[in-house]
Amino acid sequence: MKKTHVFGVLYLGLSMVGFAQEKQADSTKVQQLDEVVISDSRFELKRENSGKTVIKISQQEIERNQGRTLADVINTKSGIEVNGSRSVAGQNISSFVRGGNNRQVLVLVDGVQINDPSLVNNEFDLRLIDLNTIASIEIVKGAASTLYGNAAATAVINITTKKASRDEISGSFLTVVGTNQTQDDLNYNGASFTNNVSINGTLNKFTYLASFGNRFVDGLSAAKAENAENDPLSRYNTNLKLGYEFSNNFEITAYASLDKFKTDIDGFPPPTFAFADTDDAYISQQKRVGISPKYIYRNGSLQVNAAYTKIDRETISSFGATNEADSYVVDAFNKYNFNDEFYTIVGLNYGDYNSVFAQDESFTNTDPYLNVVYVSDFGLNLNAGGRLNNHSEYGSHFVYSLNPSYTISVGEGYTKVFGSYATSFIAPNLSQLFGFFGANPDLEPEENVTVEGGLEYNTKNGFRVNGVYFNRNEENTIIYTTAYENATTDATVHGFEIEAQIDVIKNLSIAANYTFTEVKDGERLRIPKHKANASLGYNICKNTFASLNYQFVGSRTDTNFSTFTNENLNAFSLVDLYFSHKLIKNKLKLFVDVTNVFNEDYFEILGYTTRGRNVSLGLNLNL
C-alpha cells in the first residue's frame, strides 16, 4: 500500500482555514438548568430533579471526536477507565467503572440491552460500534438493576443512535486519515482510515436512515517487541432504520444492523506459553434486528422495545475456537405522569440467551418491574423502585432502589443534595454455567449493594460543580480458581468523584473531573486509584473551534504472565489537541486531531504496545 504523509495534508488543511476565519457574531450561552436527563428515571426530567449525576455526551461532543472510537470518548468521563483503548486498535478493552469489571456494566442501544452470551463476562464488545452512528450517550453510574436488570451494577451506558432528518433527503460523508505509530517510530505515514456515509430523510409520515462505515488501522504490533509484525484491524458497519407515524398517537420504528471486525492479535504460543508476537487473528460479527412500536395517550405512553441479536466469533491461534450466540430481548413498559408530580413506569423485561458449547445451552429471565419518581414543588424529589428477576437456572431474585434528593434555589441556580441505596445483581452467564473451562451449573448470582451521597451546585451562568461518594459491597462474587465459584468473602470498593463544568466566559468552555477509587478488600488489576481529566474548548471565531485535553492515570498493578507475578505500572499523562473549521456553514468542516502530543511512553497493559504521538486530518460534508 502506498503510504500517505499526513503532515503534508495537515499543512494544506491548516492553510485553508488560516484565511477563512471570521469574527464571532454571537454565542449561545449554556443553560445548565435546562439540561434534561433520562436514563436514571427513563423520564425526561430536568437535571435539578434527578437524584444522580448523569453523564451526558451530546451530539456536539461526538462531532468533536470524529475519527475516534466510542471507547475513547467514554474514557474521558469520571469514574471510568476503559483499559485497552490507548493501545493497538484491535486490543481487547475492559470497562472498569468504580472499581468494577465488564460483567458489571450494562450497555443499551436504543433502549435494548445488548451483550454476548458466549463471552466469559457476558459483556458487549464496544469495538463493534461506529461512533459516527451515535446521536447521544447517557451514562448512569451506580446500581441500576431496578430499571435495567442484570449486570447494571456499576454503570449503564445508554446509547441513542441517530434519527432521520426532517428533510425529504439528507446525507453526510465523513473521512479521516491519520497516523498510527509508536513512541519510538514517528514516521507520520497514513495508517489509519475511517469513513462513514449516511443518507436519510422524511417522506410524509415515513422516515428512513441508511449508513455504511468502515475503519482500517495498520502499522502497530499488539506485542511490544523488536521487529514485530503489524496487527491491523478492519471493521465494517451497516445500519438501516425505518419508521412510520400512523397517527399523532401511534408510531413504529424498525431497524437492522451488521457490524463486523477482524484484527490480528498476539498470544501465548506453546511450548513456552509466554506472551509473544504471533500470527493470530480474531473475527467478530454481530447481526441485529429490532422493532419498537409506541402508543402515546394523555399523560402517558405504552412502548415495546424488541430485538434479536446473533453473534459469531472466531479466534485463530494455538488455542483457536469458534463461538456462536444469540439473544431475544423484549422490554414492554407503560409510563404515566400524574400531574407532573408522580412519574410511574411499569414494565416487563424478557430475555432468552443461547450459546453453543459442547451442546446448545440457554437460559431465560422474566422480570416485572416498577419505578416511581416524585417531584415536589418544594424541592424534594424521590426515585424508588423494585424488580423481580426470575431466572430459569437459579430462581428468583428481588432488587430495589431508593434515591432521594433535595434542591434549594440559590440565586439564579440551585444546590442539590442527593443520596441512594440500591441493590443489583450479576447473573452467572452461559460460559460460567456450561462452558468448556471450569463450568459450574450451581453458581449463584453476584449481589451488589451500592450506597451514594453527593452534592451539586448549578447556575444559569454556566457553572456546575458536583461531588459524590460511593461505596459498593459485592457478595457472592463469581471468581475463577480451578473452576468458577462464588467467593466466600465479600469485596468492598469505595471512592469519590468530583466534576466541574465552567462556561462563564464567552466562547470558552472548561470541564474537569477527578476520581479516587480504592479496593478495601482484595486487589483489582489495571484499575488506577487516581484518575483525572480536563478539557478546555474555545470558539476562536464563528466557524473555528479548538480544544486542549489532558488525562492523568495513576499507577496500577498488572500481572506479568512470563513470571506470573504482579508488577506496578507507572502513572502517565496524555495531552491531546483538536482544531476544526467550517468552510461552509453546516455543510463542510475540516478538523485536525493530535493525540499524545508529548509522545508519552507508558504501558497501559503490561507487554502490549501503546500509541505515541499521532495526527489525524478529517473532512465532514453534510448535504
Side-chain angles (χ1 to χ4, degrees), residues 30-59 77-78 106 108 110-111 135-148 152 155-160 294 296-303 305 331 333-347 369-387 400-410 412-422 452-460 462 464-466 468 499 501:
V30 176
Q31 296 292 329
Q32 296 284 0
L33 293 179
D34 294 332
E35 183 181 18
V36 172
V37 295
I38 300 174
S39 298
D40 65 326
S41 67
R42 293 173 74 169
F43 281 94
E44 293 186 357
L45 297 178
K46 288 184 179 181
R47 187 182 186 95
E48 59 190 286
N49 297 325
S50 169
K52 294 277 191 176
T53 55
V54 180
I55 294 174
K56 291 203 67 173
I57 302 174
S58 66
Q59 179 66 55
K77 305 307 175 184
S78 65
L106 178 65
L108 304 176
D110 292 330
S136 64
I137 305 167
E138 284 193 355
I139 303 174
V140 180
K141 288 169 293 184
S145 284
T146 298
L147 274 176
Y148 297 108
V156 173
I157 302 174
N158 190 0
I159 298 170
T160 302
K294 182 178 182 180
I296 302 172
Y297 59 94
R298 185 177 180 181
N299 296 334
S301 65
L302 177 62
Q303 186 170 346
N305 293 327
D331 190 25
F333 53 93
N334 184 81
K335 297 163 68 172
Y336 192 82
N337 174 9
F338 293 88
N339 301 321
D340 294 328
E341 289 188 355
F342 288 95
Y343 298 79
T344 64
I345 179 169
V346 180
Y369 61 92
L370 167 69
N371 202 77
V372 178
V373 177
Y374 170 63
V375 178
S376 73
D377 57 2
F378 56 88
L380 176 65
N381 308 292
L382 181 64
N383 186 338
R387 172 184 289 248
Y400 59 94
S401 63
L402 183 64
N403 178 204
S405 63
Y406 191 79
T407 304
I408 303 172
S409 296
V410 179
E412 294 186 344
Y414 67 82
T415 296
K416 178 177 66 176
V417 59
F418 57 91
S420 70
Y421 182 93
E452 295 181 36
L455 188 70
E456 176 174 293
Y457 174 67
N458 201 340
T459 75
K460 283 187 177 181
R464 174 173 61 85
V465 61
N466 58 262
V468 59
E499 300 176 353
Q501 180 73 42

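Just so you know, these numbers come straight off a predicted model, no measurement behind them.
With rounding to the nearest 0.5 angstrom, the CG atom of Asp331 is 9.5 Å from the CG atom of Leu147. Summarising the geometry, atom CD belonging to Gln303 is positioned 9.0 Å from atom CD1 belonging to Ile345; distances are rounded to the nearest 0.5 Å. Separating the NZ atom in Lys52 from the CG atom in Asn383 is a distance of 8.5 Å, to the nearest 0.5 Å. Atoms CG and NZ, from Asn305 and Lys294 in turn, are 9.5 Å apart once rounded to the nearest 0.5 Å. In this structure, CG in Leu106 is found 5.0 Å from CG in Leu108, a value given to the nearest 0.5 Å. Here the OH atom belonging to Tyr374 is positioned 9.0 Å from the CG atom belonging to Asn381, to the nearest 0.5 angstrom.
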Query raised in the report: What's the verdict on side chain to side chain contact (heavy atoms under 4.5 Å, CB included) for Tyr336 and Phe342, showing C-alpha distance, side-chain angles and the deciding distance?
Result: CA-CA 8 Å; Tyr336 192 82; Phe342 288 95; over 6 Å; no
Requested in this report: For Asn371 and Thr146, run side chain to side chain contact (heavy atoms under 4.5 Å, CB included): C-alpha distance rounded to whole Å, both residues' side-chain angles, the deciding distance at 0.1 Å, then the answer.
Outcome: CA-CA 8 Å; Asn371 202 77; Thr146 298; 3.9 Å; yes
Query raised in the report: Can you list the steps and then say if Ile137 with Ile157 is a side chain to side chain contact (heavy atoms under 4.5 Å, CB included)?
Result: CA-CA 7 Å; Ile137 305 167; Ile157 302 174; 4.0 Å; yes
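Remark: side-chain polar atoms of Asn458 are not paired, donor with acceptor, to backbone N or O of Val465 under 3.5 angstrom. Under a 3.5 Å cut-off, the side chain of Tyr297 and the backbone N or O of Leu302 do not form any donor-acceptor pair. The backbone N or O of Val375 sits nowhere less than 3.5 Å from a side-chain atom of Asn49 that would complete a donor-acceptor pair. Panel note: side chain Arg464, backbone Glu499; no donor-acceptor pair is recorded below 3.5 Å. Proximity of a side-chain donor or acceptor of Tyr406 to a complementary backbone N or O of Phe378 within less than 3.5 Å is detected. Checking side-chain atoms of Lys335 against main-chain N and O of Arg42 turns up a donor-acceptor pair under 3.5 Å.
By the salt bridge (charged side-chain N to carboxylate O under 4.0 Å, His left out) test, Asp40 is found to be paired with no residue, residues two or more places apart in sequence or in another chain being considered. In this view, Tyr421 satisfies the ring pair (Phe, Tyr, Trp, His ring centres under 6.0 Å) rule with no residue, not counting sequence neighbours. Residues forming a ring pair (Phe, Tyr, Trp, His ring centres under 6.0 Å) with Phe43 (at least two apart in sequence, or on another chain): Tyr343.
The pair Lys141-Glu452 fails the salt-bridge criterion, with no side-chain N (NZ, NE, NH1 or NH2) lying under 4.0 Å from an Asp/Glu carboxylate O.
The closest side-chain heavy-atom distance from Glu138 to Ile38 is below 4.5 Å.
A donor-acceptor pair shorter than 3.5 Å cannot be found between the side chains of Glu48 and Thr407. A donor atom on one side chain and an acceptor atom on the other are not found under 3.5 Å apart for Lys416 and Ser50.
Considering every non-hydrogen atom in both Phe418 and Ser405, the closest pair reads CB-CB, 3.6 Å. A pairwise comparison of heavy atoms in Ile55 and Lys77 identifies CD1-CB, 3.6 Å as the closest pair. In this structure, Asn158 and Gly111 approach most closely via the heavy-atom pair OD1-N, 4.5 Å. Nearest heavy atoms, Tyr369 versus Phe333: OH-CB, 3.5 Å. In terms of heavy atoms, Ser39 sits closest to Tyr148 at O-OH, 2.6 Å. For the residue pair Asn403 and Gly51, the shortest heavy atom distance occurs at ND2-O, 3.0 Å.
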